[in-house]
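Quick note on labels: first sequence line is chain A, next is B, and so on, each numbered from 1. Small disclaimer: the values here were computed from a predicted structure and weren't measured. For the numbers below, each heavy atom of this structure counts, side chains included, while hydrogens, waters and symmetry mates do not.
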Number of protein chains: 2
Amino acid sequence: MSDKPSPSARVSLDDVALRAGVSTATVSRVLNGSASVRPSRREAVERACEELGYVINRAARTLASRRSMTIGAVVPTLATETFSRPLAAFQQQIHQSGYTMLLASSDFDPDTELKEVNKLVEYGIDALMLVGNSHHPRLWERITQQNIPCIQTFSVDARYPSVGYDNELAAGELTAHLLALGHKVFAVIVGTPPSNDRVSDRITGTRQALAAAGLTLDEANLINSAFTMNEAREAMFRLLDGPNPPTAVICGNDLLAFGAMRAASERYLRIPNDISITGFNDYEYAEHLEHPLTTMRVELDRIGEVAADYLLATLNGETAPVQTLLKPELIVRGSTGSAPRAAKG
Amino acid sequence: MSDKPSPSARVSLDDVALRAGVSTATVSRVLNGSASVRPSRREAVERACEELGYVINRAARTLASRRSMTIGAVVPTLATETFSRPLAAFQQQIHQSGYTMLLASSDFDPDTELKEVNKLVEYGIDALMLVGNSHHPRLWERITQQNIPCIQTFSVDARYPSVGYDNELAAGELTAHLLALGHKVFAVIVGTPPSNDRVSDRITGTRQALAAAGLTLDEANLINSAFTMNEAREAMFRLLDGPNPPTAVICGNDLLAFGAMRAASERYLRIPNDISITGFNDYEYAEHLEHPLTTMRVELDRIGEVAADYLLATLNGETAPVQTLLKPELIVRGSTGSAPRAAKG
DNA sequence: ATGAAAGCGCTAACAC
DNA sequence: GTGTTAGCGCTTTCAT
């Protein structure tokens, strides 16, 4: 009754076994809910655990069982809704199956990503979630060698399990929308390094659509280092002051679009009369902005869910769809309109 | 030269030792950079690791060394900037010291939080970050019993290490600002359950400021279940249609404030002429909203940094400030103004 | 500076 | 149904 767990000696499974008057194997069985254990003994074990304040040692369990019950996830950064939202969904899902998440971020750098993945592998992750399909050449090598179920998110990739959408196509659709409105001078504001396959696919998509219309994207009108809203805003100022001011601006996400719109407004440009601006993702606030944003709606949560489901199924030896192609939806709102007729003054 | 790591047998430290012609102890020393090992042997070990494609088994290391090199973090949810941003900073910081983050979320539920913490303890986390100061009664018991360095964030708490700000004070300041503008009828829109100490402290702060001015917060004007922008928007509609329509609305964060403003605008209420609205956190977009938001600026990243620094220092046996009180700053913008003179029509 | 060997705390055969 | 026992792969005295 009065024996509080002593703060010094960490109680182990042996202690529990001793106290319950059973073998360690029986304790282990009770802990794992496996095999049938006589109810009286089961209770004795449970009581002993309770009284001793027993905490299982997962490192030992992992070592002995060769399963860690952890799943790794590596995202470029946590500091944007784009990744934190699917991650939240992912985590919730794996949790329901008893897994814990080991999280790392790559900061958009393939070398860092590889290092982080290696570390996660050292920790014995049972499965892994990645973002994008462009990684360090040795990354997949390591994963397959270790035989770890893994899924890529945000981009589709015929070579590996993946859930995402066709970025090229999505950008093409967005561009076509703008083209149909008569725009001729485009600009792109995105926020990530060249290693980012999603961004480069989108740029490709835009370029192709443009080319099909006999247009090109002026190199000076491609800004690829805007991460925050304010950076997008400043990028927009530069575009407006540049050699070839656009009438249509395609932004990497809704936050960047918001920044771009602000800059336009501050220059007394009317949206969409003077300039059209598009976003990506359809964040919750997109429709509520001063100029409701035309954007591509992406099921961010769904990405995390599907990724988790795939991994969980694979871990259970079940089969799951290896490729899931999500279809973003073009949402046309007030931030885009017909290209201005007059030549710029 | 040609012996690719065989995909079957996982190579262990013994294999490396064998190949390098040294003992396992020496390999371990090289791996840990500890003790002095003769350069020639060190090289031999490194080469063997490389050739064999050796990956250390952290479960084994953790078991033997009693340190996991992981740090746990439990946040209410990942799906909001409020927590994902400090978490990003936290993670980056602990990473630089070689730690990996084990992440769990409580979904604002103390029971869930306790369960998650227990699980993290099972995994052998070396330290722990928590949000808030109101937990399951047995939570701190477990942590102290296991002797795990731990810090609470967002709220300050004299009993335990913590980094945060005085929510009561902050809310009081915000309320005072509104009071000074002549407002008499207040409303509060927040998004979390009663177990959330930050929210309840803020409500208390507002109530006290109100009381000091001889006013009270109408129960009908306290909405505490708005999480998303749209929920805040709907909450606002209800307030406006309620028995006691407010002229001043205090929101739990900038996103909720955004939603509230939208609802007001949709009802053709002028901001701030007819109604004043405040946020919290000063998200990047707050100043760029159609009605620039009056809010409290909180150093979200700083919270994560300080928490990490404290834990890291403690882990190193150094001393670090146990209490860090951050001071939010009132940022007055266009979303607040003098209370309307006329009685409502 | 290096090796031998004893664990760390658990699981999983295998016997009974 | 239950106990015995041999590891899992590493770190860490303790000798040398």
Is the distance from OP1 or OP2 of [N] to the nearest side-chain N or O of [X] less than 4.0 Å?
{"X": "A:Tyr54", "N": "C:dC10", "answer": "yes"}
{"X": "A:Asn57", "N": "C:dC8", "answer": "no"}
{"X": "A:Ser65", "N": "C:dT11", "answer": "no"}
{"X": "A:Ser28", "N": "C:dT11", "answer": "yes"}
{"X": "A:Arg38", "N": "D:dT2", "answer": "yes"}
{"X": "B:Ser23", "N": "C:dG3", "answer": "yes"}
{"X": "A:Arg67", "N": "C:dA12", "answer": "no"}
{"X": "B:Thr26", "N": "C:dT2", "answer": "no"}

Sugar-phosphate only, base, or nothing, as touched by B:Thr24 at under 4.0 Å among non-hydrogen atoms: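 Answer is base: heavy atoms of B:Thr24 come under 4.0 Å of a base.
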Sugar-phosphate only, base, or nothing, as touched by B:Val22 at under 4.0 Å among non-hydrogen atoms: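 Here B:Val22 touches the backbone only, sparing every base.
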Examine the side chains of [X] and [Y] and answer whether a donor and an acceptor come within less than 3.5 Å of each other.
{"X": "B:Asn57", "Y": "A:Glu122", "result": "no"}
{"X": "A:Glu116", "Y": "A:Ser105", "result": "no"}
{"X": "A:Ser155", "Y": "A:Asp197", "result": "yes"}
{"X": "A:Glu113", "Y": "A:His136", "result": "no"}

A:Arg47/A:Glu50 ion pair, N-O < 4.0 Å: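 Not counted as a salt bridge, because no side-chain N and carboxylate O are separated by less than 4.0 Å.
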Round to a whole Å and report the spacing from [atom1] of [X] to [atom2] of [N].
{"X": "A:Arg61", "N": "C:dC8", "atom1": "CZ", "atom2": "C1'", "answer": "16 Å"}
{"X": "A:Asp14", "N": "D:dT4", "atom1": "CG", "atom2": "P", "answer": "12 Å"}
{"X": "A:Leu18", "N": "D:dG3", "atom1": "CG", "atom2": "C1'", "answer": "14 Å"}
{"X": "A:Met69", "N": "C:dC10", "atom1": "CE", "atom2": "C1'", "answer": "16 Å"}
{"X": "B:Arg41", "N": "C:dT2", "atom1": "CZ", "atom2": "C1'", "answer": "7 Å"}
{"X": "B:Leu13", "N": "D:dT11", "atom1": "CG", "atom2": "P", "answer": "6 Å"}
{"X": "A:Leu63", "N": "D:dA6", "atom1": "CG", "atom2": "P", "answer": "17 Å"}
{"X": "A:Tyr123", "N": "D:dC8", "atom1": "OH", "atom2": "P", "answer": "23 Å"}

Closest to side chain of A:Ile56, choosing from C:dA13, D:dC8, C:dT11: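 The answer is C:dT11, which lies nearest to the side chain.
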Among D:dT4, C:dC10, C:dT11, the nucleotide that comes nearest once only the side chain of A:Asn32 is considered: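 Closest nucleotide among those given: C:dT11.
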Pair of N/O donor and acceptor under 3.5 Å linking C:dG3 base with B:Arg29 side chain: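 It does, because a donor-acceptor pair links the side chain of B:Arg29 to the base of C:dG3 below 3.5 Å.
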Under-3.5 Å donor-acceptor pair between A:Arg58 side chain and C:dG9 base: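 Such a pair does not exist between side chain and base.
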Worked check of side chain to side chain contact (heavy atoms under 4.5 Å, CB included) between B:Leu311 and B:Ile94: CA-CA 9 Å; B:Leu311 259 19; B:Ile94 66 171; 5.9 Å; no
